[in-house]
Amino acid sequence: MPRCLPALAVALLLAGGVSARGAETFRVEGLPRDDSLTIREAPDAGALALGQIPAGRRVLGFGCTNATPSGLTWCRVRFERSLGWARRRYLTPD
């Protein structure tokens with residue numbers, strides 16, 4: 001059965017140009033030092049992986065939502081050339 005993304009998540013996904021204005025800086029924490037956080041195409045653990053953020057690195061965040069199929073909070077993030085979704089649980093405001 002396909003999962004449907006809530007309207008807010010879809011709107012954020014379809015927002016083409018993401019500017020640094022209004023962005024929040026996060027640091028990836030709560031993972032083992034040699035581990036990384038996966039950036040996903042959609043705010044869902046089963047979504048396509050787009051990249052990895054090593055523990056301790058900084059990312060730009062563009063808003064978070066818990067209106068997801070799992071009810072978990074995900075944030076829209078940019079790290080290097082990857083733009084996608086990461087679990088809020090591992091993002092600490094920097």
Minimum side-chain heavy-atom gap Thr65-Arg76 below 4.5 Å: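 Counting from C-beta outward, Thr65 and Arg76 never come under 4.5 Å.
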
Close side-chain approach of Pro54 and Phe79, heavy atoms under 4.5 Å: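 SC-SC contact between Pro54 and Phe79 confirmed.
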
With rounding to the nearest 0.5 angstrom, report the [atom1] to [atom2] distance, [X] to [Y].
X     : Y     : atom1 : atom2 : answer
Leu50 : Ser82 : CG    : OG    : 6.0 Å
Ile53 : Ile39 : CD1   : CD1   : 3.5 Å
Asn66 : Trp74 : CG    : CH2   : 13.0 Å
Phe26 : Leu60 : CZ    : CG    : 9.5 Å

What is the minimum heavy-atom distance between [X] and [Y], and which atoms define it?
X     : Y     : answer
Glu41 : Trp85 : O-CD1, 3.5 Å
Ala55 : Pro32 : CB-O, 3.6 Å
Thr68 : Leu72 : OG1-O, 2.9 Å
Pro69 : Pro43 : CD-O, 4.2 Å

With Thr38 via side-chain hydrogen bond (donor to acceptor under 3.5 Å, both in side chains) - residues at least two apart: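 Counting only residues at least two positions away or on another chain, Thr38 forms a side-chain hydrogen bond (donor to acceptor under 3.5 Å, both in side chains) with Gln52.
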
Of all pairs that satisfy disulfide bond (SG atoms under 2.5 Å apart), the ones with a partner from residues 65-94, not counting sequence neighbours: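 Residue pairs with at least one partner in residues 65-94: Cys64-Cys75.
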
Please list, one pair per line, the donor and acceptor atoms closer than 3.5 Å that link side chains of residues 86-94 to other protein atoms, with sequence neighbours excluded.
from, atom 1, to, atom 2, distance (Å)
Arg88, NH1, Leu91, O, 2.2
Thr92, OG1, Glu29, OE1, 3.2
Asp94, OD2, Arg58, NE, 2.3
Asp94, OD2, Arg58, NH2, 3.3

